[in-house]
There are 2 protein chains.
Amino acid sequence: MVTLAEVAQHAGVSASTVSYVLSGKRSISASTRERVEHSIQQLGYHPNAGARALASSRSNIIALMVPLRTDMYVPVMMEIAIAVATSARTHGYDVLLLTGEEGPAAVRRIAGSSLADAMILMDVELHDERLPLLRDSGRTAVLIGLPADTSGLTCVDLDFEATGALCVDHLAGLGHREVAVIGEAPAVYERHTGFAERTVDGVRAKAQEAGMRILHRPCEGGYAAMAGTLGRIFDERPGTTGFIVQNEAAVEPLLNLLQQQGRAVPEDVSVVAVCPEQVATQASVRLTSVAIPAQEMGRRAVEQVVAKLAGRGTDEVELLEPVLTVRASTGPAPA
Amino acid sequence: MVTLAEVAQHAGVSASTVSYVLSGKRSISASTRERVEHSIQQLGYHPNAGARALASSRSNIIALMVPLRTDMYVPVMMEIAIAVATSARTHGYDVLLLTGEEGPAAVRRIAGSSLADAMILMDVELHDERLPLLRDSGRTAVLIGLPADTSGLTCVDLDFEATGALCVDHLAGLGHREVAVIGEAPAVYERHTGFAERTVDGVRAKAQEAGMRILHRPCEGGYAAMAGTLGRIFDERPGTTGFIVQNEAAVEPLLNLLQQQGRAVPEDVSVVAVCPEQVATQASVRLTSVAIPAQEMGRRAVEQVVAKLAGRGTDEVELLEPVLTVRASTGPAPA
DNA sequence: TAGGGGAGTCGAAGCGCTTCGACCAACCGT
DNA sequence: ACGGTTGGTCGAAGCGCTTCGACTCCCCTA
């Protein structure tokens, strides 16, 4: 491995000069800079990450904690993770992938070892165990998701209350009065991952205004679970004409079952989904949906991290505004 | 941050002794060890990752390059990535997440900076641009996938040829003589990511033995694409009674379309999928399938990396044996 | 009883980089 | 013509850890 000292020697300057060429923290004459850059090229020099981290106490690494769970829709997580990794690179950072398995201990480990300059946490629970540790580790952090107490924390998330309200608005505008919400798996609620509850809150509040009746049912993904849930919904509320689905793994089963039961979408029943665009457009019926902007969330989280590390930090909650796209799965309520 | 020196002082020993307690590279008396460990606890000491990397030239980090593409079935990638991260931790390693975006340059960067001790590459193409760089970087590496030239490389992958053969065997045993293979998106073939081709090779070879006619069609995911492909298949081979599907995003659309066309599964048509277990069990028909052992692949890749880093290395190709599970989507060919 | 050897500990020399203060020259205004 | 800048460069002191050789006991064997 080529070292900075070797580059310095090759270029006929001191080591510090090479360092300053690299960092730009002091002015360097054009001729020296050129010479040094040429030597770097020629020798194929790459700064040693460990040495750099040690000397500067900056690792240029962002740790990303992803959940290990399988009850969440994985593609969204992946999309966020990739967006984080990609935008981190554009800011000169690399991303360390931590799985939920280690739990709160991971926070301690990473903060303690200075392995990462900052952390991004996904799948945040309302009373997340990692938060106290995070707070007094003093490390820069950004959450994707919203805990109960956001004081001193920067959070990025979709505005799920507005999302719920938006869905209701759309259905109400089409004349629907009885709507069922197909929610995430029960475990998601038990864990109090805020987003699912916030959506339902948004739905309920708006529904009350609009004089709409809401039936909310958590539901596992897959056909079997959906069949059971759907049966119970129609038993309880035979007049249901609208569905709001917030469980990607239930979307296709729902459409399929409705079709089997001879309920046409959107003529007899309307369906609004909260899901990534791809799911909405690739489903068997092109779905009216509120998009989950995974990329955007990942990107914004990184930008917040970078801003905080640069001292331009803001401790604030950034809620992305939901956008509802009308497609082929919603229509006027049947008379 | 607490340093090793502070721990040493607190415990009344030298810094090197603390280091040896931590690494176990020299024997330490029980009493000293206890005293040191107690001090570590009490002071909340965590070794500084950068310093450690610098001094030992080992970062305890494994870099994982995941593809950026969206034409691959993402959940499998995610599952592998998580398995890699999780098993890496059990061996004391962390995982750095690199996206394909940087391409070959990432290999150079990571190898050059000694940021990672080893690399795991996913989504390997037959003539992957990253391989030459990898080879002469001299870094430890393991591929998940199989390039054309595996010399000097350790590879882990499912045995896709055997997978294809297994599917054919099963269908042939049930009396099917005309089978269509629904493949991955065309882009996957154009890129020459070996696995898709290898599956088809396996299918073809076995089909010849079994006197079965094969029609292979690449296919994008989603309903629209699948509808077109399916139409063309039945136009060309009206007698088709079996399907082998190697594109998770096409599975559900296929089942749905068959149902709409009044072709019953498995009475009229049999379907074998190559997909993760979850997809097979959650589909509208429980699918006979060959599982893609994502977890296992991730785990084995890490184990190979760890072995190589420990000097117990083996440059070999490890092909996992496919397992076919019979479920409800295959049955005897109609008379 | 002398000598050999292992167990346990320490000191010091780095690992490759950043950064601070110091230094030297050239240049400014007056 | 002279003190004060400013731009450009260097030397040296670490950053916190690992690791090598050296040293000291103490026990075992011949």
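Letters go in sequence order (proteins before strands), and every chain restarts at 1.
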K.L.:
Got a salt bridge between A:Glu101 and B:Arg89, using NZ or NE/NH1/NH2 to carboxylate O under 4.0 Å?
P.N.:
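Result for this pair is no, no salt bridge flagged.
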K.L.:
Checking B:Thr32 against B:Ser29: is there a side-chain donor and acceptor pair closer than 3.5 Å?
P.N.:
yes
K.L.:
Under 4.0 Å between a side-chain N/O of B:Arg52 and OP1 or OP2 of D:dG16, yes or no?
P.N.:
no
K.L.:
Of the candidate nucleotides D:dT19, C:dC17, D:dC17, which contains the atom at the shortest distance from the side chain of B:Ala51?
P.N.:
D:dC17
K.L.:
Under 4.0 Å, heavy atom to any atom of DNA chain D: which of residues 27-36 of chain B qualify?
P.N.:
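Nothing qualifies; none.
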K.L.:
Identify, residue by residue, the members of residues 40-49 of chain A with a heavy atom below 4.0 Å from DNA chain C, and return them in order of residue number, or none.
P.N.:
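When residues 40-49 of chain A is checked for heavy atoms under 4.0 Å from DNA chain C, the hits, listed by number, are A:Tyr45, A:Pro47, A:Asn48.
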K.L.:
Between residues 8-19 of chain A and DNA chain C, which residues have a heavy-atom gap below 4.0 Å?
P.N.:
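Hits under 4.0 Å, by residue number: A:Ser16, A:Ser19.
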K.L.:
Using a cut-off of less than 4.0 Å, is there contact between a side-chain N or O of A:Lys25 and OP1 or OP2 of C:dT19?
P.N.:
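The answer is yes; a side-chain N or O of A:Lys25 sits under 4.0 Å from OP1 or OP2.
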K.L.:
Got a salt bridge between B:Arg299 and B:Glu303, using NZ or NE/NH1/NH2 to carboxylate O under 4.0 Å?
P.N.:
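Here B:Arg299 pairs with B:Glu303 in a salt bridge, since their nearest N and O are under 4.0 Å apart.
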K.L.:
Look at the side chain of A:Ser56 and decide which nucleotide, out of C:dC15, D:dC17, C:dT18, has an atom nearest to it.
P.N.:
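That would be C:dT18.
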K.L.:
When the distance from CG of A:Asn60 to P of C:dT18 is rounded to whole Å, what number comes out?
P.N.:
10 Å
K.L.:
Using the side chain to side chain contact (heavy atoms under 4.5 Å, CB included) rule, take B:Met1 and B:His46 through it: C-alpha gap first, then chi angles, then the decisive distance, then the call.
P.N.:
CA-CA 8 Å; B:Met1 290 282 92; B:His46 282 272; over 6 Å; no
K.L.:
Are B:Arg191 and B:Thr193 close enough that a side-chain donor and a side-chain acceptor fall under 3.5 Å?
P.N.:
yes
K.L.:
So, applying side chain to side chain donor-acceptor pair (under 3.5 Å) with B:Thr154, which one of B:Glu316, B:Arg300, B:Lys308, B:Gln304 is it?
P.N.:
B:Lys308
K.L.:
Spell out yes or no: do the side chain of B:Arg26 and the base of D:dT19 have one donor N/O and one acceptor N/O closer than 3.5 Å?
P.N.:
no
K.L.:
Write down the distance between OH (A:Tyr20) and P (C:dT18), rounded to a whole number of angstrom.
P.N.:
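That distance rounds to 10 Å.
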K.L.:
Are A:Asp94 and B:Arg109 ion-paired here, with the side-chain N under 4.0 Å from a carboxylate O?
P.N.:
yes
K.L.:
When you compare the side chains of B:Ser113 and B:Arg108, does any donor N or O come within less than 3.5 Å of an acceptor on the partner?
P.N.:
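B:Ser113 vs B:Arg108: no donor-acceptor pair found between side chains.
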K.L.:
Once you round it to whole Å, what is the distance between P of C:dG16 and CG of B:Leu115?
P.N.:
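Atom CG in B:Leu115 sits about 15 Å away from atom P in C:dG16.
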K.L.:
What is the separation between atom CG on A:Leu4 and atom C1' on D:dA12, rounded to the nearest whole Å?
P.N.:
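Roughly 15 Å, once rounded to whole Å.
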K.L.:
Of the nucleotides D:dT19, D:dT18, C:dC15, which one has an atom closest to the side chain of B:Leu54?
P.N.:
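The listed nucleotide nearest to B:Leu54's side chain is C:dC15.
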K.L.:
Tell me the interatomic distance from B:Arg58, atom CZ, to D:dG16, atom P, rounded to whole angstroms.
P.N.:
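It is 24 Å, rounded to the nearest whole Å.
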K.L.:
For B:Glu6 and B:His10, does a side-chain donor sit closer than 3.5 Å to a side-chain acceptor?
P.N.:
no
K.L.:
We want to know whether A:His38 and A:Gln42 form a side-chain donor-acceptor pair, criterion being a heavy-atom distance below 3.5 angstrom.
P.N.:
yes
K.L.:
Would you please say whether a donor-acceptor pair under 3.5 Å links the side chains of A:Arg33 and A:Thr17?
P.N.:
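The answer is no; no qualifying pair exists.
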